[in-house]
Colleague: 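Take a look at this one; I'll ask things after.
Atom set for the values below is all heavy atoms of this structure, side chains included, hydrogens, waters and symmetry mates excluded. Bear in mind the structure is a predicted one, so any value in this text is a computation, not a measurement.
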Amino acid sequence: MDDPIRLLLILIPALPLAAAVLIGLLGPRVLRQQSHWLAIAAVLASFLCSLLLMRELSFLQRAAGAGGEVALGIGYEEVRRLWTWTDVADAYQQPRTPPGESRESLVGGGSRDFRIDIVLRADSLTCMMLVMVTLIATLVAIYSAGYMHGDPGYWRFFAYFGLFVFSMTMLVSVSNFVLLYVFWEAVGLCSYLLIGFWYQKPAAAAAGKKAFLVNRVGDFGFALGVFLIWTTYGTLNFHDSLRGGELEPARIQQAVAAERAGEVVPAEQEPVAGVFGPLRLADNELRPAGQPRTSAMISLAICLLLLLGACGKSAQFPLHVWLPDAMEGPTPVSALIHAATMVTAGIYMIARCTPLFLVSPDAQLVVSVVGGFTALLAALIALTQYDLKRVLAYSTVSQLGYMFLALGVGSLAGVTAGMFHLFTHAFFKALLFLGAGSVMHAMGNVIDMRRFGGLRRVMPVTYITFAVGCLALAGVFPLAGFWSKDAVLGAVHDKVHELEPHDSDSHGPAPHGPAPHGPAPHDSSPHGSAEGGGTQAVERPESSADDDVTPVFGLSNLLRGQIFHWLYLLGLMTSFLTAFYTFRAFYLTFHGPELIPPEAGRHAHESPASMTVPLGILAVCSALVGLLLDRSYLDGTNSFANWLLWTPSLGFPAAMRTTLPGEFHLSVAGWSTLMALGGIGLSSYLYLGSRHEIHGIRQFFDLAWVSGWSDVESFARMRQWRVARWVRECSAAVGLEWLLRLVVGALLLVVLVLSAPLLLLYYVSPYKLSYHRFYLDELYELVLVRPLRGLARLCYGIDRWLIDGTVNFVGRVPRQIGDVMRSLQMGLVPFYALAMVLGLLILLAVQLLG
Amino acid sequence: MDTATLLLVTILLPLAGAVALWPVAALGTRAVRWTALAVTLATLLLTVLVIWDFYPDHVASTEREWTWLGAGEQIQFGIGLDGISVWLFALSALLMVTAVLVSWEAIDDQVPQFYALLLLLECGCLGVFAARDLIMFYVFFEFTLIPLYFLIGIWGSEDRKYAASKFFLFTLAGSLLTFLGLLSIVWWKAAYVAGGELTFSIAELAAAVQQAAGTPRAMSPGFQAVLFAALFAGFAIKVPLFPLHTWLPLAHVQAPTAGSVFLAGILLKLGSYGFVRFCLPLLPDATYLFAPWILWIAVIGILYGALIALAQHDLKRLIAYSSVSHLGYCLLGVFALNPLGLQGGTLQMVNHGLSTGGLFALVGMLYERYHTRDIQQLSGLARQVPRLAFFMLVFTLSSIGLPGLNGFVGEFLVLLAMFQRAWQEPLPGWGLHLKAISVLAVFGVVLGAWYMLWLVQRVFFGPLKHPSGGHDGAPPRDLAPREILALAPLAVVMVWIGVAPNFFLRPMDGPLREVEAAVARPLQEGLQNREPVAEKRPQTGLENLTRAR
Amino acid sequence: MYLSGAAHIGQAVAGLWPELAGGGGLSAVAGSGLLAALPDWRVLVQSPTTWGLVCGAVALVLMLPRGSAVARVLGGVVGLVALGLLAAGQPLLSDWLAQGLFWILAGVTVLSAAAAVAMRSAVYAAVWFAMSLLGTGSLFLLQGASFLGVATVVVYAGAIVVTFLFVIMLAQPEGHATYDRLTWGWYAKPVSVLAAALMVAVLTTALPGIRQIDALAALGESGAVERSAGVLHPSHMARFGAELFSRELVSVEVAGTLLLVALVGAIAIMIQGRRQAQAEESAR
Amino acid sequence: MNELALLQNYLLVGGLLFAIGLAGFLVRRNMIVMFLSAEIMLQGISVSLVAWGRYHNDWGGQMLVVFIIAVAACEAAIALALVLMLAKQTGRLDIVLWQDLREEGQPAYVDREVPEEREEDQVWPTLTPAGIEPEVDPEEELHRSRV
C-alpha cells in the first residue's frame with residue numbers, strides 16, 4: 001500500500017486482534033504455555049507502528065505548518081476510511097436556519113444522513129495515546145509472561161490481552177462518537193473478562209460484573225450525550241467529510257467553496273461538518289444550530305452526560321466504586337487496564353471533546369469539582385487500606401481526579417496538563433502495580449500489607465523500582481510526577497488568577513506575580529497569530545466563554561474563582577496525602593522487620609527477569625519522561641503540550657485564546673514539593689519508627705476514647721469499686737436496695753442517652769470512614785441495589801397475581817357465562833319451544849314495527 | 001428456476017419434508033432425525049440462494065402471484081420478499097436448523113411426529129414472511145399456532161397442557177380481532193377507492209391508503225383508531241406488549257427446547273412484523289396518534305420485563321422475561337416512526353431472534369446435562385462445560401447489546417431514533433413524555449446488563465456446584481460437535497451483523513422508507529401545525545427551564 | 001398540557017364513522033326507531049282490540065290447566081267478552097247476513113279451539129278440535145273456498161281427528177293423568193299466553209298498514225269483477241282442479257309421495273317399536 | 001262485500017287461532033294435546049291464507065292450504081306413531097318425561113306438588129259399549145289402575 005498512514009493505522013489495532021484470534025483458536029491445543037510470544041510480538045509490532053505513525057505525522061505536520069497549507073488554520077489530522085458501518089440516508093431533518101446565512105448550511109439545517117463509516121484518524125492526541133498504550137502494553141505483556149506462568153488459563157489471558165489492546169487502540173483512533181462508544185464498551189468487556197479471569201473466585205466474578213454494570217451506568221450518560229450531539233449537530237463524526245463519504249480535504253474545500261458560492265451541488269457532494277472538524281471549529285460553531293436560545297442548556301447537558309460516561313470509565317465519584325474491586329483481576333491487568341490505559345479513556349474523551357466543554361463553562365466547573373473531590377476522597381480512603389493493590393487503586397482514582405481537575409480548568413494549559421499527567425501517570429502507576437505484582441508473586445498471592453514486611457533485601461530490584469515509582473507518584477523533583485502535577489496545579493492556579501478581579505488581590509492563593517510573558521511558547525504551533533496567549537488570557541477575563549454562551553448556573557466570576565481557589569488548595573492537600581499513603585505502603589512493604597507469610601513458600605525471592613526488566617524500563621521512564629518532555633523551566637517549552645496542540649480538538653482559534661501551556665510556576669512547584677516532602681516526612685516518621693505511635697494515631701482518629709467512654713462494660717467494672725460495694729452493703733443493711741437500683745438505673749439511662757450521639761460518632765469516626773471507604777458501597781447497596789431487587793420481586797408478584805390473575809379472570813368469564821347458559825339447556829321440549837317463540841316474537845316486532 | 005419459483009419451493013419444502021417423515025418413520029428414529037436435518041439444511045440452502053438472487057437489486061423482485069381462492073383475481077397465493085421480511089425469513093430457516101439439532105437427543109418419544117410438527121412450523125413461518133396477500137398472511141399467521149400448540153402440549157414439561165391452552169387461546173383471541181380489522185380495511189378499499197372491487201393484496205392496499213390520504217375518501221381518524229385497536233389486539237399479544245405478556249413466560253418454561261427457540265426466535269416477531277407491515281402503512285393517522293401511548297407501553301415493558309427478570313430463579317423464565325424487555329426495543333424503534341427507528345426496530349427483531357433463540361437453545365443443553373433450570377442450584381459450571389459457557393457469554397453479550405455484536409446495532413439505532421423523535425415531537429404536550437421515554441429506555445439497557453450478567457455470574461462463575469443427582473455420576477460432557485454446529489452459525493451471524501450491519505440494513509432501506517413515507521404525512525402535518533404554536537409556548541423542557549431562569 | 005394529547009385522541013375517536021353509515025353495512029337499527037313505530041299509548045288504550053286481547057289472554061290463563069272449574073267458567077265468560085271486544089274493533093262487513101254468519105262461525109271456531117286447548121281430557125280436546133275444524137270449514141265456505149271447506153271437514157275432522165281418537169284410546173285408555181292438570185313451571189302459563197297475545201297484538205298493529213299500501217287497497221276495493229273470474233268463479237271446483245293439476249302438478253305429486261312416505265314411515269316406526277318390545281320381553 | 005274488512009276479520013280469526021294453538025302447545029304437557037294445538041295453529045294459518053288468496057284474487061292461498069292439509073295428514077301419521085312408541089315405553093303421554101337431552105349435571109324437572117283431582121273432574125267420557133264386551137284380565141286391571 002502506498003499510503004503509509006493508512007497501513008499503520010490499520011496495523012496498530014489489527015496486529016493485537018490477529019494475535020488474540022490466533023491465540024483463541026490455537027491456544028488450548030497448540031500454543032498453551034507459549035501463547036505469550038504471539039501476544040508480545042504483536043503488541044511490540046504495534047508499538048513500533050505507533051512510533052512510525054508518530055514520525056510520519058510529525059513530518060506531515062511540520063510540512064503543513066511550514067507551508068501554511070492547513071486550510072483553516074487549525075490542527076492537523078489524517079483520516080482514513082475503511083468501510084461503511086451503517087448508512088441511513090436522510091435520517092434526520094434538522095431545522096433550517098433562515099436563508100441568507102450560507103454558512104449555516106454546513107453546520108446545521110437540512111437533511112442529515114446517519115452515516116457511520118469506520119474511519120481511523122491520526123492526530124497528535126491519538127498518536128500520543130497509541131504510543132502510550134502500546135508501550136505499556138508491550139511491557140506488561142512481557143511481564144505477564146513471567147507473572148502468569150503456569151496458570152491454567154494462560155492462553156486465555158493472552159487472548160483477552162490482545163483483544164484489549166485492539167479495543168483500546170481502536171478507541172483512541174476512531175473518528176466517530178458511535179465507534180468511540182463501541183470501543184468504549186469493548187474495553188469494558190475486556191476489563192470484565194480480565195477482572196473475572198479467575199472466575200472460580202466468587203469475588204472476582206462479582207467484581208467483574210460490578211465493573212461492567214457501573215460502567216454501564218456511565219455509558220447510559222455517554223449514550224444520551226451522543227444522542228444529544230446527534231440531534232444538536234446532525235452528525236457524529238469528528239472529522240469533516242462529504243455526504244458521499246469522501247474524506248479528501250481538497251475535495252471538501254472545493255465543496256465548501258461551491259456551497260458558499262451558492263451553487264447547487266449533488267447530495268453526494270454536500271459537505272458535512274464534523275463535530276470537531278475544521279469547518280466547525282474554525283468559527284467555533286459549536287453553538288447548536290437553529291436554536292440559539294437553548295444552546296447553553298444543551299451544551300451543558302451534552303457535557304454533563306459525557307462527563308457521566310467519563311466518570312464511569314475513569315472511576316470518578318460517584319462511579320468510582322468498581323475500580324478497587326477490579327483489583328481481583330490478575331495484577332498485570334490492573335497495571336495495564338485499571339491504571340495506565342482503559343481508565344484514562346474518560347480523560348481522553350473529555351480532552352477530545354474540549355471544543356464542546358469550551359462553550360459551557362458550567363460544565364467545566366463541574367468537571368473540576370468532580371475531579372478535585374474525587375482526588376481528595378480517594379486519597380483519604382487510600383490512607384487506611386491494608387491491601388497493597390487497593391492502595392494503588394485508590395491512588396489511581398485520586399490521580400485520575402487530578403486529571404479531571406486539570407481538564408475542567410478549560411484552558412489549553414489545563415487540558416495539556418491533564419493529558420501530560422495522564423501520560424506520566426501511566427508509567428509510574430504501571431510501574432507501581434507491576435511492582436506490587438512482583439511482591440504478590442513472591443509472597444504467594446498474599447497482598448495484605450500487615451502480613452509481610454521488610455522485603456527490601458529479599459527483592460532488591462523491585463524495591464528500587466518501586467521506590468522510583470513512589471517518588472514519582474508523590475511528585476518529587478525531578479521525577480515525572482513532579483512535572484505533570486505541577487502543570488495541573490499551575491493550570492488551576494492560573495484559572496484562579498484569571499477569574500479574580502484585577503483590582504483586588506486579596507484572594508490570591510499565594511504571592512504570585514503576573515505570568516512571565518516570554519516569547520511565544522509555541523513556535524511550532526500552526527498559528528502565527530496566537531503568540532502571547534498568556535497575555536490574552538489575562539486581558540480577557542471571560543476568554544473561555546464565547547459571547548453568545550451564557551452560563552446556566554449563573555455563577556459570578558468571583559464565586560467561580562473562589563471555587564477554583566478551593567480546588568487548588570484541595571489539590572495541594574491531596575498531594576500531601578498522596579505522598580503520605582504512597583510511602584506508608586512503601587514502608588510497610590519494604591521496611592521494618594522482615595516478615596514473610598507462609599503462603600510464599602519457596603517463592604520468596606526476587607522475580608524472574610521477564611518481570612524485572614519491564615520494571616526497570618518503566619522506572620527509567622518514570623524518572624525521566626517529565627524531565628525530557630517538559631522544559632518549561634528552561635525556556636517555557638513543553639514539547640508534549642506543543643505536540644498535542646496539533647490536535648484539531650485542541651488547537652483551534654477559540655481554544656487558543658485561553659491560557660496556553662508553557663509557564664513554569666515556581667511558587668506552585670514550591671508549594672507542591674513542600675507538601676510532598678511533608679507527606680513523605682510524616683510517613684517516614686510514623687512508619688520507620690515504632691508501630692506504637694501509629695497505633696496511637698489510629699486510635700485517635702478512630703475516636704477510640706469515645707468507645708472506651710461509653711462502654712457499658714466500664715459500668716460493670718464500676719460495680720467492683722470499693723465505694724460502690726460499700727454503698728451497696730449499706731443500702732442493703734437499711735433495706736433501701738430498691739432505691740439504689742432505681743437511682744443507678746436512672747443514671748445509667750441518662751449516661752446512655754447522652755452518649756448515643758457519641759457512639760454514633762464512633763461508628764463514623766474518620767478512621768472508620770476511611771477504612772470502610774466512606775461506606776459508599778454499603779450506601780449503594782442500601783439505596784440502589786436492594787430497592788431495585790425489592791422492586792423486581794414486587795413486579796414479579798404483581799405480574800403473577802395481578803396481571804396474570806386478571807388474565808385468568810378474563811379467561812374464566814366465558815366459562816362462567818357458559819355455566820349460566822347451561823342452566824337454560826334444561827331438556828324440556830316446551831321450554832325450547834317457548835324460547836323459540838320469544839325469539840320469533842322479537843324478530844317479528846323488529847320486522848313489523850321497525 | 002426463477003427466484004419466485006425458488007421461493008415457492010423453499011416455503012413448501014418443509015411441508016413436503018413433514019409429509020415425507022411419514023414413510024421414513026418406519027426406518028427408525030435415526031432416519032427421521034437425519035431426514036429432518038436434511039430438509040432443514042436444504043431449506044436453509046434454498047433460502048441462501050433466494051437471498052443471493054434477491055440481494056443485488058434488493059427490491060421485491062421475487063414477487064409472484066397465483067390465484068388461490070375465490071372467483072376473479074381476488075385472493076392470491078402471492079409470495080415475495082422485500083427488505084422488511086427477508087432477514088426474518090432467513091432467520092426462520094436458520095433457527096430451524098438449530099431447533100432440529102437441539103432436539104436431537106432431548107426428544108425420544110413420538111419422534112416422527114415431533115419433527116413433522118417442527119417442519120410444519122417452519123413452513124408456516126416462512127409462509128408468513130413471504131406472504132404478499134392479506135388472507136394468505138392471516139392463514140399462515142394462524143397456521144403457526146397449531147404445530148406449536150402441539151409441541152408445547154405434547155412434549156412440554158409438567159404443566160404443559162395449561163401452558164399450551166393459555167398460549168393458544170391468548171393469541172387466537174387477539175388474532176381474530178386482527179382479522180376483523182384487516183378485513184375492514186379491505187372493505188374500505190373496495191367501498192371507497194376501488195369502486196366495489198375487492199383486493200387482498202397488501203401492496204395494493206397500502207398504495208390505496210397512500211393514494212387516498214388527504215382526500216375525503218381517506219379513512220377518518222376515528223375509523224382508523226378502531227381498526228388500529230383491532231389490529232393492535234392481535235399483534236400486541238403476539239409481541240407481547242406489557243400487560244398482555246403473561247402467556248409468554250409460561251409457554252417458554254413449559255415448551256420443549258426447540259419450541260422455545262422457535263417461539264422466541266420467530267413467532268414473537270410476527271407481532272412486531274405485523275405492526276410494520278400493516279399498522280404503519282395501512283393506518284398511518286391512527287399510528288401517529290397512538291404512537292406515544294404505545295411508546296409508553298413499550299418502555300414500561302422494557303423496565304418491567306427487566307425488573308422481573310431480575311427476580312427470577314428459573315433460567316428459562318428469566319430469559320422469557322428478558323424477551324418481554326427486548327421486544328420493547330423493537331416496538332420503540334418501530335413507533336419512533338422515523339427511518340432510523342424503523343430500520344433499527346426491524347434489525348432488532350432479527351437480533352432478538354438470534355440471541356434469545358440461542359440462549360434458549362443453551363438453556364436446553366444445560367437442562368439436558370444437569371436436569372435443572374434453577375439458578376440457585378447451579379454455580380461455576382464454566383469449569384465443567386467451558387464451551388457452553390463461552391457460547392452463553394457470547395449470546396448474553398449480544399443480548400445486552402455489547403458493541404461489536406448484533407444487539408448493539410439495533411439498540412443503538414432504536415434509542416437514537418427514539419431520542420430524535422423526542423426532539424422533534426410535533427404532538428403538543430408529548431415532547432417531555434417522549435424525552436422521558438427515551439431516557440428510561442436507555443436506562444433499561446443498564447438493567448438488561450445487570451440481570452444477564454448476574455445470571456452468567458451465578459451459573460457459570462464461582463465455585464463449582466450442581467445437583468449431584470446426575471445420571472451416572474460422570475461429569476457432564478462439554479458441547480458435542482452437533483451442538484456447536486447448532487450454535488456457531490448464530491454466533492457467526494451475530495458478529496457479522498455487529499461488524500457490518502450495513503449489509504443487512506441496506507435492503508431494508510427502500511421498503512421501510514415507503515412505510516415511513518406513509519406515516520410521515522401526519523407527522524409533517526403535525527410539524528406544520530406546530531409552527532405557529534411555537535411562537536407562543538416553549539417547545540421543550542430544556543427551554544422551559546431556560547426561560548424560567 | 002399533558003392531557004391535551006389524550007383529548008386529541010378522544011376527539012378523533014369520538015368522530016362518527018361515515019364509512020359505516022355511507023357504506024350500507026347494516027341498516028340502522030336503533031332502539032329509538034322501534035319505540036317510535038309503536039302507536040300512541042292513548043290510541044292503544046282507546047282501542048277495543050287492545051282490551052279484547054287483554055281479556056282473551058286473561059281468559060286463556062284462566063282456562064288452561066291448573067285452573068278450577070270456576071276459573072274455567074269465568075274464563076269462558078271473559079273469553080266471550082274478549083271476542084266481543086275484538087269484534088267491536090274490526091271493520092264491519094257491508095253485508096249484514098255475512099256479518100252475522102261470520103260472527104257466529106268465528107266465535108264457534110275460536111271458542112272451540114280454546115276449549116280444545118283447555119280440556120283436561122284428551123278425548124274432549126279432540127272433540128272440541130273437531131268442532132273447531134267444522135267452524136273453520138264453514139269459514140272457508142263463507143270465503144267462497146268451498147272445496148277447502150269440504151276437504152277440511154272430510155280430511156281433518158273425518159280422518160285425522162279419528163286417528164287422534166284411536167291413538168288416545170291406544171295410549172291413554174282411561175282416566176285423567178296428572179300431567180293433564182299441570183304445566184311445567186310457574187312461568188310457563190303466563191309467559192306462553194303473553195307471548196301468544198303479544199304475537200296477535202303485533203299482527204293486529206300491523207293490520208291497518210294494509211290500508212296504506214295503495215296498490216293492495218286499490219286491488220281490494222275494485223276487484224269484484226276479476227274475482228268472479230278468479231277465486232270466486234261460479235264453477236269453482238273446476239277452476240280449482242285445473243289450477244291444482246296444471247300449475248301445481250309437481251307439488252301435488254310431491255305431496256302424494258310425501259303421504260306415501262309418511263305411511264311407510266309410520267308403519268316402520270310401529271314395527272320397530274314392536275320388535276323392541278318383543279326383544280325386551282324376551283330379555284325378561 | 002267489503003273485501004278489506006273481510007280480510008281483516010279473517011286475519012284476526014286466523015291470528016287468534018294461531019295464538020290459542022301456540023299457548024296450548026306451550027302450556028300443555030300431554031303430547032297428543034300438544035299435537036292438537038299444533039294443528040290448531042295450522043288452522044289459523046290456513047284461514048289467513050285463504051283470506052289473502054281471496055283478497056289478492058289468487059289461487060295460491062287455497063293451493064297452499066290443500067298442501068297444508070296433506071302435510072298435516074302425514075304429520076299426524078308419523079307423529080302419532082312416534083307418540084304411540086313413546087307412550088308404550090313409559091306408559092304415559094307426558095312430554096316432561098323426555099328430558100334426557102338436558103346439559104350434564106342439570107337437575108331434572110320434577111313436579112313439586114300434584115294437585116288433588118277434584119270430584120267433579122273425575123268424569124270422563126265413556127264410549128257406548130258396542131259388540132261383545134271382552135273379558136277383563138285381572139292383570140290388566142292392575143295395570144290400568146296405575147295409569
Colleague: Tell me whether Gln99(D) contacts the main-chain N or O of Tyr109(D) through its side chain, where contact means a donor paired with an acceptor under 3.5 Å.
Modeller: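 The answer is yes, because a donor-acceptor pair under 3.5 Å joins these two groups.
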Colleague: When you check the gap from the basic side-chain N to the acidic O, do Arg29(D) and Asp111(D) get nearer than 4.0 Å?
Modeller: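 Yes, Arg29(D) and Asp111(D) are salt-bridged.
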Colleague: Tell me, side chain or backbone of Ile40(D) under 4.5 Å from chain C's heavy atoms, or both, or neither?
Modeller: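 Answer is both: backbone and side chain atoms of Ile40(D) are under 4.5 Å from chain C.
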Colleague: Chain D heavy atoms under 4.5 Å from Ala125(C): which part of the residue, side chain, backbone, both or neither?
Modeller: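 Contact with chain D involves both backbone and side-chain atoms of Ala125(C).
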Colleague: Examine distances only and state if a side-chain atom of Asn30(D) and a backbone atom of Ala122(C) form a donor-acceptor pair shorter than 3.5 Å.
Modeller: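 Such a contact is absent between Asn30(D) side chain and Ala122(C) backbone.
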Colleague: Name the region of Val33(D), side chain, backbone, both or neither, that has any atom closer than 4.5 Å to a heavy atom of chain C.
Modeller: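 Side chain only.
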Colleague: Side chain, backbone, both or neither: which part of Leu42(D) has an atom under 4.5 Å from a heavy atom of chain C?
Modeller: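 Only the side chain of Leu42(D) comes within 4.5 Å of chain C.
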Colleague: Of the backbone (N, CA, C, O) and the side chain (C-beta and beyond), which part of Val161(C) lies under 4.5 Å from a heavy atom of chain D, both, or neither?
Modeller: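 Answer is neither: Val161(C) stays 4.5 Å or more from chain D.
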Colleague: Can you check whether Thr136(C) reaches Ser132(C) side chain to side chain, under 4.5 Å on heavy atoms?
Modeller: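 In contact.
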Colleague: Test your reading of the model: is there a side-chain donor-acceptor pair from Arg28(D) to the backbone of Ala23(D), 3.5 Å cut-off?
Modeller: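 Looks like no, no N/O pair under 3.5 Å.
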Colleague: Tell me, for Ile267(C) versus chain D, whether the close heavy atoms (under 4.5 Å) come from the side chain, the backbone, both or neither.
Modeller: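 When you check distances to chain D, no heavy atom of Ile267(C) falls under 4.5 Å.
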Colleague: By a 4.5 Å heavy-atom criterion (distance strictly below it), what part of Phe18(D) contacts chain C: side chain, backbone, both, or neither?
Modeller: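 For Phe18(D), the side chain is the part near chain C, not the backbone.
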Colleague: Would you call the rings of Tyr187(C) and Trp184(C) parallel, tilted or perpendicular, where under 30° means parallel and over 60° means perpendicular?
Modeller: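 The rings of Tyr187(C) and Trp184(C) stand perpendicular, inter-plane angle above 60°.
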Colleague: Is chain C contacted by the side chain of Leu36(D), its backbone, both, or neither, given a heavy-atom distance below 4.5 Å?
Modeller: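 For Leu36(D), the contact with chain C is made by backbone and side chain together.
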Colleague: Which bit of Val110(C) comes within less than 4.5 Å of chain D, counting heavy atoms only: side chain, backbone, both or neither?
Modeller: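 Contact with chain D is through both the backbone and side chain of Val110(C).
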Colleague: Let me know if Gln276(C) has heavy atoms under 4.5 Å from chain D in its side chain, its backbone, both or neither.
Modeller: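 Looking at Gln276(C), just its side chain touches chain D.
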Colleague: Measuring heavy-atom distances to chain C, does Ala79(D) have an atom under 4.5 Å in its side chain, in its backbone, in both, or in neither?
Modeller: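 Answer is neither: Ala79(D) stays 4.5 Å or more from chain C.
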Colleague: In terms of relative ring orientation, are Phe240(C) and Trp59(D) parallel, tilted or perpendicular, with 30° and 60° separating the classes?
Modeller: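 Taking Trp59(D) first and then Phe240(C), their aromatic rings stand perpendicular (interplane angle over 60°).
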Colleague: Identify which one of Leu93(D), Leu26(D), Ile95(D), Val83(D) satisfies the side chain to side chain contact (heavy atoms under 4.5 Å, CB included) criterion when paired with Met34(D).
Modeller: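 Exactly one candidate clears the test, Ile95(D).
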Colleague: Using non-hydrogen atoms and a 4.5 Å limit, figure out which bit of His233(C) sits close to chain D: side chain, backbone, both or neither.
Modeller: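 Contact with chain D involves no heavy atom of His233(C) at all.
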Colleague: With a 4.5 angstrom heavy-atom cut-off, could you sort out which part of Val96(D) is near chain C: side chain, backbone, both or neither?
Modeller: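 Contact with chain C is through the side chain of Val96(D) alone.
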Colleague: Can you confirm if the aromatic rings of Phe35(D) and Phe164(C) lie within a centre distance of less than 6.0 Å?
Modeller: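 Yes, the ring of Phe164(C) comes within the 6.0 Å limit of the ring of Phe35(D), centre to centre.
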Colleague: In terms of heavy-atom contacts, does CG of Leu101(D) have more than 12 from other residues, nucleotides or ligands at under 6.0 Å?
Modeller: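 Atom CG in Leu101(D) is not crowded, with 12 or fewer foreign heavy atoms closer than 6.0 Å.
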Colleague: How about Phe140(C) and Phe147(C): are their ring centres within less than 6.0 Å of each other?
Modeller: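 That pair fails the under 6.0 Å test.
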Colleague: Tell me, side chain or backbone of Leu139(C) under 4.5 Å from chain D's heavy atoms, or both, or neither?
Modeller: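 Leu139(C) touches chain D through backbone and side-chain heavy atoms alike.
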Colleague: What part of Ala87(D) gets within 4.5 angstrom of chain C, counting heavy atoms only: side chain, backbone, both, or neither?
Modeller: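 When you check distances to chain C, only side chain atoms of Ala87(D) fall under 4.5 Å.
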Colleague: What part of Glu75(D) is in contact with chain C, defined as an atom under 4.5 angstrom from a non-hydrogen atom: side chain, backbone, both or neither?
Modeller: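 Contact with chain C is absent: no heavy atom of Glu75(D) under 4.5 Å.
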Colleague: Of the non-hydrogen atoms in Val200(C) and Gly15(D), which two are nearest, and what is the gap between them?
Modeller: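 Looking at all heavy atoms of both residues, the closest pair is CG2-O, 3.7 Å.
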Colleague: Check whether Leu263(C) gets within reach of chain D through its side chain, its backbone, both or neither, counting any heavy atom under 4.5 Å.
Modeller: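 When you check distances to chain D, no heavy atom of Leu263(C) falls under 4.5 Å.
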Colleague: Given heavy-atom pairs under 4.5 angstrom as the criterion, report whether the side chain, backbone, both or neither of Leu244(C) touches chain D.
Modeller: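 It is both, since atoms from each part get that close.
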Colleague: Examine whether an atom of Ala72(D) lies under 4.5 Å from a heavy atom of chain C, and if so say whether it belongs to the side chain, the backbone or both; otherwise answer neither.
Modeller: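 Its backbone and side chain both get close to chain C.
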Colleague: Given the options Ser37(D), Ala19(D), Gly61(D), Gly21(D), which has more heavy-atom pairs under 4.5 Å with chain C than any of the others?
Modeller: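 Among Ser37(D), Ala19(D), Gly61(D), Gly21(D), the one with the most close pairs to chain C is Ala19(D).
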